[in-house]
Each structure stands twice: as C-alpha cells, then as structure tokens.
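Reviewing the structure listed below.
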Amino acid sequence: MQLYALTIHALRELLLKKEVTSVEITGSVLARIKEVDHKVHAYITLTPEVALEQAREADHILQKGEGGPLTGIPISIKDVICTEGIHTTCGSYILKDFVPIYDATVIRRLKEAGAVLLGKVNMDEFAMGSSTENSAFHITRNPWHLDYIPGGSSGGSAAAVAADECVASLGSDTGGSIRQPAAHCGVVGLKPTYGTVSRYGLIAFASSLDQIGPLTKDVTDCALLLNAVHGHDPLDSTSAPRPQVDYTKALVKGIKGIKIGIPEEYFGPGLSPDVEKSVRNAIEVLSGLGAETVDVSLPHTEYAVAIYYIIAPAEASSNLARYDGVKYGYRDADAKELLEMYEKTRSRGFGAEVKRRIMLGTYALSSGYYDAYYKKASQVRTLIAEDFKKGFDRCDVILTPVAPTPPFKIGEKVNDPFQMYLSDIFTVPANLAGLPAISVPCGFSAEGLPIGIQILGNHFAEEKILQVAYNFESETDFHMRKPPLLS
Ligand code: GLN
C-alpha cells in the first residue's frame, strides 16, 4: 500500500523502524493531493512548504530517538481553527483574507506533538450546514461518488481523510459536524464531551455546543489524535479541569456484559431502509461479541432539531456580531458613512445560510419573543439532557444511526433548509446534552455510499465509547475499504 493510505499507527511503526521518513510520508500525501484534489476539492489553503519544513524538523527529532505518536504525521485542519500566519477563512467571504496572529490551543498542541500541518480544509460557512455546499469558495465532493455531498460542516476534513489527502484531520462539531461527514465518507469521527478539548482559537459558532474533535481512518488513530489535543486549558473558561487521559488504554478486546442502549425514538419513520439495515447489523455484531442490548427511551428526541435551531442561531447571532468590517475581515469599500459600511460589509460578506441564522437567532432573542423561544428551548434542552441521564442509568453506551439517510446528491437539499435541518435529528442531541459521541463506519447503501453508527457515552466516558467502537471495528472491515473512484 502507498504511504498516503496508511494510518497514524502504521506510519508510526515504519518511522520507528526507520523504514521511512516524515519527508517521504509528507511527499506522498502532497502528491496524492495533487492527484485527486481537483476531483474532491477538500482543501481551501494548502501549505506544502510549511509541511515539508515541519517534516524535516520531525525527522530530526525522530533521528534522535525522540518524539511521540504524532511526530512526522501529516494532518489537515478544518478552516474554522486559527493557525498563526496561515489564512483561516471559516468558509466565508467575510474572512477570506484573515490571517490569525496566534495559534488555537489545539494547533499549539499538535505542533508540540511534532505533527505536520498540510493546510486548511473546506467547510460550510461558519460551520453552518450539513453538506459543505454553504462554503463561500467551492463545494467539496464525496470521494465515494463525486455527485454526492460529503456531509458537513467538516466535509473537507472527512473527504480529505477518506480520499487519503491527509492521514487525519481536526474538525468541529456543534450539531453533528464531525460525526455526520465522518459517516458519509466512511471514516471515524469523534465529538468529545463538552469541555474536553479547548475552544481557544476555534472561531465560535454556538459557544455552548461547539467542540473540536478528530476525524481519522480508524478508532486507534482517533484515540491517538484525541490524546494529543485534549486537556485543560486556562485560556478556555469552559475547559474541564481534569487530568490527562491516555485514550489508547481503552482499546482492548472484549465487551462481554457491556450494556448497549437502543433508543426506539431513533428507529422511527424517516429512517432509510439502507441505514436501518446496517445499524441493526451492527447491533448484531456487538451482541455476537457478548454485549447486552437494552431498550432505552429518549422521549424528547422529537424536539431536538427545533430547539437546536433556536439555541444555535441565537448564540451565532451574538458571536457573529463582531464581523462588522472594523477590526478584521472584509470591509466594504463603497460605503460613505459608518452605518452604511456595517450594512454593506455584512450583506456582502455573509452568505445566505449565515444570514438566515443571524435573523433566526436575533428574532428568538428579541424582547417579547425571548421567553417564548430561547427560554423555552433552553428548558427543553434540560429535558433532553435528563432523558440521557435516565438512559445511562440502564446502559453503558447508547447506539443509534448517525444520519437518517446515506449521503444525498449535491443540490438535492440546499434550497430546502427545513429538509437540510431535519437530517441533523440524530446528532444534535449529543451537543445539547454535552455528551461524547463517535461515528464509526458500519455499511454501505445500495449506491455504494458509506453509512455510520453513532455510539454515545455519558459525560467524560470517551474511553467506553472508544472501547465499543474499537471492538466493532475489529470485527468488521468497512473502515478498510477505499473509494473505488480514486484508486
Ligand atoms: N448541521 C448543523 C448546522 O447546520 C450542525 C453544524 C455543526 O455541527 N457545525 O447547524
């Protein structure tokens, strides 16, 4: 197999045996990008010089017998995470020329770990979307079928991992943006418990929901990347003051007696038969390994999309107020006075979906409507969290589909926001409740497009979900298949 197709842990072995160098690995991935990115369009900004410089540095460290699991491993970064001296657009015209003067904490940690940064990958503008069609720059395509969406908003990350245009990637998840594209592209994606990974330097969408997390080729790589980026950060006031964890310790064979909750509310009408078949099959695989399945009920699931689409836009309307053309970002040049400058900058700088969210959020927060919308939504959010609390009294993890359908065609839902929002039904509850959840490949649709299962855990139970995911993966080969189109 080519170097670009290997996992972090496989490459690590080769590096330790001195059979390859990071410069060779990085060269292989950069050549792969050249070969396939004109079809997939995963990248917004590619930084080959930076990558090769970091690779040389990594080789130097490895030569001395130093470094860790990520030393010399080429990684891509969703363009919502600030990188010092490197464009960070957030998929938006309003930030198309924005070059941060500092690194996000996760970037600092990756650099300290010796990782090689390849560049910044595409996303829906301000992470608002489920298909990457809302990027101001271009649409990213699903490597398994180029007419289909890769999911979103971390579509560039998922597509780049699936197409072997990076070894692993960091994405962000506010309502499913790591898990849903991971499922749609046939890779592993983890949204950690709220507070596990620092949000310092992550451009805010909805601050009470946003988390950064890994998108990788398998569960082992997921644990390795999470190891590097998690941990308490005084620069993020919502970061959990907990000790560091070695998540690879959770990757042990055996799940006998583990209780897997199956919520009936996630298997109702609207679930595609292809998805249902793959998820039921996954449940059988886990039962075959000795796990015990129990029925759990999450009765407020039906309200999750409605309240997410009040809370997330409300927070976004406040977070996005800073883009007014004054301190940074695009400023409209035609305006003659201040108010006109604000107006023109924001009308020209933001795309249609972002404007829709700002209007939705501003409305939900406005006096007279606040109690009816925002306050009510916050109360129902608590009920959703309580559903999970009760559910986890009866089981160790909860297993569900990630998305109700396999990937859809480019253009199919982009003009129908309601349909697009409904596709988030199974992923938004984890964000509303702050819970960790992982997406793992579990099958393919009739058209040959990937399908994923979601494994949710209690707060800070990442190790439990990684353990179940690892055991499932070890019994199946879905994660090893490659998109036939690109081979
Ligand atoms: N699809 C959801 C939205 O459009 C989730 C996005 C995300 O997780 N960033 O808001």
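Note that ligands are numbered from 1 as they come in the structure, with each ligand's atoms numbered from 1 the same way. Values below: every heavy atom of this structure, side chains too, minus hydrogens, waters and symmetry copies.
- One N or O on the side chain of Glu125 and one on the backbone of Gly351 form a donor-acceptor pair closer than 3.5 Å.
- The 4.0 Å heavy-atom shell around ligand 1 contains residues Ala127, Met128, Gly129, Ser130, Ser153, Asp173, Thr174, Gly175, Gly176, Ser177, Phe205, Tyr308, Tyr309, Arg357, Asp424, ordered by chain and number.
- A donor-acceptor pair under 3.5 Å is absent between the side-chain atoms of Ser207 and the main chain of Ala204, judged by distance alone.
- In this view, Gln211 and Lys191, Pro192, Tyr194, Thr196, Val197, Arg199 satisfy the side chain to side chain contact (heavy atoms under 4.5 Å, CB included) rule, not counting sequence neighbours.
- Qualifying side chain to side chain contact (heavy atoms under 4.5 Å, CB included) partners for Thr405, counting only residues two or more places apart in sequence or in other chains: Ser272, Phe408, Lys413.
- With sequence neighbours excluded, no residue forms a ring pair (Phe, Tyr, Trp, His ring centres under 6.0 Å) with His232.
- In this structure, the ring of Phe126 has its center no less than 6.0 angstrom from the ring center of Phe205.
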